[in-house]
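One structure is given below, encoded as structure tokens.
All ligand and atom numbering here is 1-based and tracks the order in the structure. Everything quoted here is computed from the prediction, not taken from an experiment. Keep in mind that the numbers below use all heavy atoms, side chains included, and drop hydrogens, waters and symmetry copies.
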Amino acid sequence: MAALNATHDATRRSWVASANDGQTDFPIQNLPVAVFRRRGSGEALRGGVAIGEQILDLAAAHARGAFSGLAARAASAAAGDTLNALMALGPEAWSALRAALSDALQSGAPQEALLRDALVAQADAEFGLPAHIGDYTDFYTSVHHATNVGRLFRPDNPLLPNYKWVPIGYHGRASSVIVSGQPFHRPIGQSMPAGATAPVVGPSRRLDYELELGIFIGRGNALGERIAMANAESHVFGLCLLNDWSARDIQPWEYQPLGPFLAKNFATTISPWIVTLEALAPYRTAWSRPAGDPEPLPYLDAPTLRSEGAIDIQLEVTLQSARMRESGLAPHRLCRTSYRHAYWTLAQLVTHHTVNGCNLQSGDLLGTGTLSGPTADEMGALLELTAGGKQPVTLPDGEQRTFIEDGDRVALHGHCAAPGFVRLGFGACEATLLPART
Ligand code: CA
């Protein structure tokens, strides 16, 4: 678990003025990493760090000799078109780069003259996927989501007996992970309408979002080796927002007996910025199990689990229809919750994923699963929010939704706040649904 240090100091300010307004997602205490270039420029994609409304170009900063030692090695590893090489360096290098960036970007730093023209406005940038994602695994770590969804299908026995013992997951599809802002088409697939005797094929009529966090693996593990809870987090580079788009009519017809397939793999949207675990250190919080629930098996337990296993990341989902955009209406919030409600922590996911010797690799992506909280306004998918499509939600202009309509733009946001520390955020994870291809 990353320790608190000078990079978390709430009094530290930046010579990039927009980092200091107290509202930005990207104060000097955050310093998340993405892959970017100037929009439409055809430039090479390279690593960059968010600071206020700007991006510090890591390739340019490194070329100007802004860093030395391990930090220079880390900046050099971030100069390419993916961050895999940086992720593979491990926490000492990530931490050295963070410390050097914090020093160089703080008010009064002598590096200001060197770095001022290594800034690119975020408004002028386009983003690539932050990593070559070799494998993508999606988990199911919210007991509230699992219970809400289970209740739709098994009212008397919503939660399956394995849930409280084993982190549930499945192997997803890495090739269709896309970065925020990229639209995608409504998927076509096979479903079995209620009361029908044969399935139909056509555009999904029950398209949904899932509010999740993405976990990028830093250093991997060799095939056959396990990662223990004690050092699981040292294998995590950082977190992003993740929307696991889901076709709720394709899913129930196809998922038995082997699990999710085409209902899930047509698009998964992630936010471009990866917030490191070190940046999230001030927002750690206690993790606990409800009274009467089983304690985790010893391999999923650790001394620090209960004191600081959870992270309080405030999350929200908004929806803006095409009509709302045309009439200038702001996106409408559908849900607000926190990652701290997760039943299984990210360390438990990494440890469980490797208990059989499965090898994680730098740049692999783990999804947390839909992060619903305990109350009705904390439901992280329309499937839950509309009780399986039976109770529509009403948008500010009177439109109703049970599932997503063509032209709808769904956005996820996340931020952290704690007394004595600066607010920081994750930027946006958004995409607009295009009509199905004919
Ligand atoms: Ca999911």
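With the Ca ion (ligand 1) as vertex, E210 OE1 and D138 OD2 subtend 160°, rounded to 10°.
A salt bridge does not link R205 to E405: none of the charged side-chain nitrogens sits closer than 4.0 Å to a carboxylate oxygen.
For the pair R37 and F127, the NZ or CZ position fails the cation-pi test of under 6.0 Å to the six-membered ring centre and within 45 degrees of the ring normal. Under the 6.0 Å distance and 45° angle rule, R206 does not count as a cation-pi partner of W253.
Take the N/O/S atoms of D244: the one nearest the Ca ion (ligand 1) is OD2. E212 has its closest N, O or S atom to the Ca ion (ligand 1) at the position named OE2.
S175 and R173 form a side-chain donor-acceptor contact under 3.5 Å, judged by distance and modelled atom types alone.
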